[in-house]
Each structure stands twice: as C-alpha cells, then as structure tokens.
2 protein chains.
Amino acid sequence: MTPATTAQSLLEGWQRGNVLAADCPSRPLLAHVTSRWGTLVMIVLLTGTFRFSDLRRRIPGISERMLAQTLQQLEADGFVLRTAFQVVPPHVEYSLTAPGQEAAAHVAALANWIEDNLTRLKPPAARGTDPETAKA
Amino acid sequence: MTPATTAQSLLEGWQRGNVLAADCPSRPLLAHVTSRWGTLVMIVLLTGTFRFSDLRRRIPGISERMLAQTLQQLEADGFVLRTAFQVVPPHVEYSLTAPGQEAAAHVAALANWIEDNLTRLKPPAARGTDPETAKA
DNA sequence: GTGGATACTTACAGAAATGTAGGTACTTCC
DNA sequence: GGAAGTACCTACATTTCTGTAAGTATCCAC
C-alpha cells in the first residue's frame, strides 16, 4: 500500500466518519493516543503488563496525576485493560487490549521511524534550536 | 514485524536517542506531527500539493494562525517543503518532502486504523460521552 | 473606488493541558 | 513507632495551546 493509497482510502470514505471533520468520533481517540503521555504509555505497554508504579518508573518525567489520567482515557477508549486485584496493599495491572496492541503498533512505528530518520529531517545545525523551546 | 519486535527495537536502542527520555531530540518532532493540526495537515498533504488557502479550506476549523504555525514547524522539521513564487498576489505551495511522505504515511495509517476500528473500541453507549467534552 | 483574493503577522484573551503538593487507607519492614 | 510502598484523588497554580481580531501590501474585477 503506497502512501497515496492510504490517504485515498482515508479521504474517499468521507461519509464513514472522517478525521478531517471536526466532530468526527475518531478525533478524541486519536487525540488520546497521540497525546504527550498517551504515546509513551502505549509504547511501554507494548512490551508487557505493568503495575501503576512500574509504569511511572518506566516513563521518566510523568507525574502520578498524568499517568492516572492517561490510563483512564486509554481504558475508556478500549485500548488499555485494567485489572485490579482486591488485596490490601492495592495491586493493579495494566495491559493492552487486542485492538490496543494494533493501535500501539502504529504509534510505535511512527515513533521508531522518527528516531531512525532524525538525521534525514532537521539538519544537525537546526536540531536543538527549537524556536518554541528557545523562547522559554 | 510483530508489535513486540517494533517495541523491542525501540526500547533496546536506548542510547541512540529514545522517545522515553524527556530530552530526546525526537520528542518535538513527534509532538509536531501528532499535534491537533499537524496530523491533519500531514494527511491532507499526502494527497498532493496545495496553496495556503487551499489547505485552510480543506481542513475545516483550522484558523489561519494555526495553519501558518503548523506549516512553519513542519517545514523546520523537514517534513514539509514550502515553495514561494515571487509574484504579487503571493503564491506559495506546500508539499511533503520525501521523508515527510514516509512520516505522513505512518500518521495516516494510525488515523485510518482508528476510523476503521471505532466500533471495536469504545462501545456505542460510551461514544459521544467524552468526560472531557461533557464538562465544557 | 470598493470588495475580494493572496499569504501572512502580531497582540491579546480565553481554554486546555500539565505540574505540585497534599491527603487516603492499609500493609510490611526495621 | 516511624518510614516506605501501593494506587490513587483533589485543589490549586502555572504553563502551553488555540482562537479572535486586526493589520500589511498588492492585485484584479466590478
């Protein structure tokens, strides 16, 4: 499937529900998966099942608040499966659902591609000179 | 390549530059491509070359300000090629660079997958009941 | 000469995302 | 008994994102 074909099927099925439409139901799902932390959570969960604090440790910089919120969104969307054991130091496990794994694979593929192609993109001189970052 | 393999190569090459690291240079690139408007711009550009106001019309809801900003980021990142003709009503064309097409293909694949799998994800009852949206 | 089109930019304001700090209830370890 | 670990939630503050409205310079059609 060429890039053009992919775009074609995306744009031709206009009535099916299109990302380009502002009120398309796929928008929030896409937003959650591509959000700052959503992406990283999906990528980590692709490698296995983890407890809350495991995830926190594996994703440097994430706060508990954001991790909890992100997991809840992804769970509500059907990407993530939350399994709580009724024991008393709480024990909860997070993993990907079947569709979650497929979605995460796409996310990881994109992230992977960017890492592998960093040098083809922003020339070395420009890298690290992010105007947004520079202002701050 | 299985999902696990993808994640593996992502997590094993820790030193190469990893998305999980907060200061990884790939982070801003990923952020631009997965941003609210970045995603849509990439998807539309996958279908051809367009002028500024063409893009504006094809992406419902985007403001001129956001389109300009998004295009500038994607251009600086090396995803988008901007061609300005020195004529006077200004004429500028936007298209994807070679790497931009590859990246856009990944983005479109993800968006496509979500649209195709909407029913497998959020159950119909839950769809349209986005807690975030509901509050507003 | 008035209105519309082109491709933007800038200032300002409001909305949304994110971080910080604290609290909960219970357990095990020293 | 005090500290640490588990999996969170809540209020508040800050940062970042996004939208609105206006302005720029030039051209063409009416």
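All values reported here derive from a predicted model rather than from experimental measurement. Numbers restart at 1 for each chain; the letters A, B, ... are given by sequence-line order, proteins then strands.
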Student: Kindly list each side-chain donor-acceptor pair under 3.5 angstrom involving residues 86-95 of chain A, sequence neighbours excluded, with atom names and distances?
Tutor:
unit_1, atom_1, unit_2, atom_2, d
H91(A), NE2, E93(A), OE2, 3.3

Student: Using five pairs at each end of the helix from dG1(C)-dC30(D) to dC30(C)-dG1(D) to define an axis, what is the angle between those two axes, to 10°?
Tutor: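 End-to-end axis angle: 10°.
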Student: I'd like to know whether V107(B) forms a side chain to side chain contact (heavy atoms under 4.5 Å, CB included) with T34(B), so could you lay out the CA-CA distance, the side-chain angles of the two residues, the decisive distance to 0.1 Å, and finally the verdict.
Tutor: CA-CA 8 Å; V107(B) 172; T34(B) 60; 5.8 Å; no
Student: Atom CG of L55(A) and atom P of dT6(D): how far apart are they, to the nearest Å?
Tutor: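 Between P of dT6(D) and CG of L55(A): 12 Å.
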Student: Across the strands shown, which category fits E93(B) at heavy-atom distances under 4.0 angstrom: base, sugar-phosphate, nothing?
Tutor: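 Here E93(B) touches no strand at all.
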Student: For F52(A) and for P89(A), locate the closest nucleotide of DNA chain D by heavy-atom distance; then report the residue assigned to the nucleotide nearer the 5' terminus.
Tutor: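 It is P89(A) whose nearest nucleotide is closer to the 5' end.
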Student: Using whole Å, what does the distance between atom C1' of nucleotide dC17(D) and atom CE of M66(B) come to?
Tutor: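 Distance, rounded to whole Å: 7 Å.
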Student: With ring pair (Phe, Tyr, Trp, His ring centres under 6.0 Å) as the rule and sequence neighbours excluded, what pairs involving residues 39-59 of chain A come up?
Tutor: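 Ring pair (Phe, Tyr, Trp, His ring centres under 6.0 Å) check on residues 39-59 of chain A returns no pairs.
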Student: It should be established whether S53(B) places a side-chain nitrogen or oxygen under 4.0 Å from OP1 or OP2 of nucleotide dT6(C).
Tutor: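 Answer yes for this pair, as a side-chain N or O of S53(B) is under 4.0 Å from OP1 or OP2.
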Student: Considering non-hydrogen atoms only, spot the tightest contact between P25(A) and L118(B) and give its length.
Tutor: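 What the structure gives for the nearest pair is CG-CD1, 3.8 Å.
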Student: dT16(D), OP1 or OP2 - any side-chain N/O from R36(B) closer than 4.0 Å?
Tutor: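 No, no such contact exists.
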Student: Output the rounded distance in Å from NE2 (H91(B)) to P (dA7(C)).
Tutor: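 Spelled out: NE2 on H91(B) to P on dA7(C) is 7 Å.
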Student: dA7(C) P sits how many Å from E75(B) CD, rounded?
Tutor: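 Distance, rounded to whole Å: 14 Å.
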Student: Please tell me which of R65(A) and V88(A) maps to the more 5' nucleotide of DNA chain D, matching each residue to the nucleotide holding its nearest heavy atom.
Tutor: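 Nearest nucleotide further toward 5': that of V88(A).
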Student: Report the distance from atom CD1 of I62(A) to atom P of dC8(D), rounded to the nearest whole Å.
Tutor: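 Answer to the nearest Å: 13 Å.
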Student: Quick one: is R57(B) getting a side-chain N or O under 4.0 Å of the dT6(C) phosphate, OP1 or OP2?
Tutor: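 Yes, because at least one side-chain N or O of R57(B) sits under 4.0 Å from OP1 or OP2 of dT6(C).
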Student: Got a sec, which residues hit side-chain contact (heavy atoms from CB on, under 4.5 Å) with T97(B), two or more places apart in sequence or on another chain?
Tutor: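 Expected list: L81(B), P99(B).
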Student: Measure from the side chain of R82(A), starting at C-beta and using heavy atoms only, and say which of dT26(D), dC12(C), dC8(D) lies closest.
Tutor: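 Of dT26(D), dC12(C), dC8(D), dC8(D) is nearest to the side chain of R82(A).
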Student: What salt bridge (Lys or Arg N to Asp or Glu O under 4.0 Å) pairs are there with at least one residue in residues 30-54 of chain A, not counting sequence neighbours?
Tutor: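 Those involving residues 30-54 of chain A are D54(A)-R57(A).
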Student: Please evaluate residues V80(B) and L96(B) with respect to the criterion side chain to side chain contact (heavy atoms under 4.5 Å, CB included), reporting the C-alpha separation (whole Å), side-chain torsions for both, the decisive distance (0.1 Å), and the verdict.
Tutor: CA-CA 4 Å; V80(B) 162; L96(B) 291 175; 4.1 Å; yes
Student: Atom CD of Q72(A) to atom C1' of dC8(D): distance rounded to whole Å?
Tutor: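 Checked: the CD to C1' distance equals 9 Å.
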Student: Hey, does Y94(B) reach any base, or is it just sugar-phosphate, or nothing, if we go heavy atoms under 4.0 Å?
Tutor: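 The residue Y94(B) makes sugar-phosphate contact but no base contact.
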Student: If I take atom CG in residue L67(A) and atom P in nucleotide dT18(C), what distance separates them, rounded to the nearest angstrom?
Tutor: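 Rounding to the nearest Å, CG of L67(A) and P of dT18(C) are 13 Å apart.
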Student: Using heavy-atom distances to pick each residue's nearest nucleotide on DNA chain C, tell me which of E64(A) and E64(B) is more 5'.
Tutor: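 Closer to the 5' end of DNA chain C: E64(B).
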Student: The side chain of S63(B) is closest to which nucleotide in this list: dA7(D), dT9(C), dT20(D)?
Tutor: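 Among the listed nucleotides, the one closest to the side chain of S63(B) is dT20(D).
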Student: Nearest to the side chain of A68(A), heavy atoms from C-beta on, is which of dT6(C), dC9(D), dT18(D)?
Tutor: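 Of all the options, the side chain of A68(A) is nearest to dC9(D).
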Student: For the pair made of CH2 in W37(A) and P in dT18(C), what is the distance, rounded to whole Å?
Tutor: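 In whole Å, dT18(C) P and W37(A) CH2 are 8 Å from each other.
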Student: For residues 60-73 of chain B, pull every pair meeting salt bridge (Lys or Arg N to Asp or Glu O under 4.0 Å), keeping only residues two or more places apart or in separate chains.
Tutor: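 For residues 60-73 of chain B, and leaving out neighbouring residues, the salt bridge (Lys or Arg N to Asp or Glu O under 4.0 Å) pairs sorted by first residue read R56(B)-E64(B).
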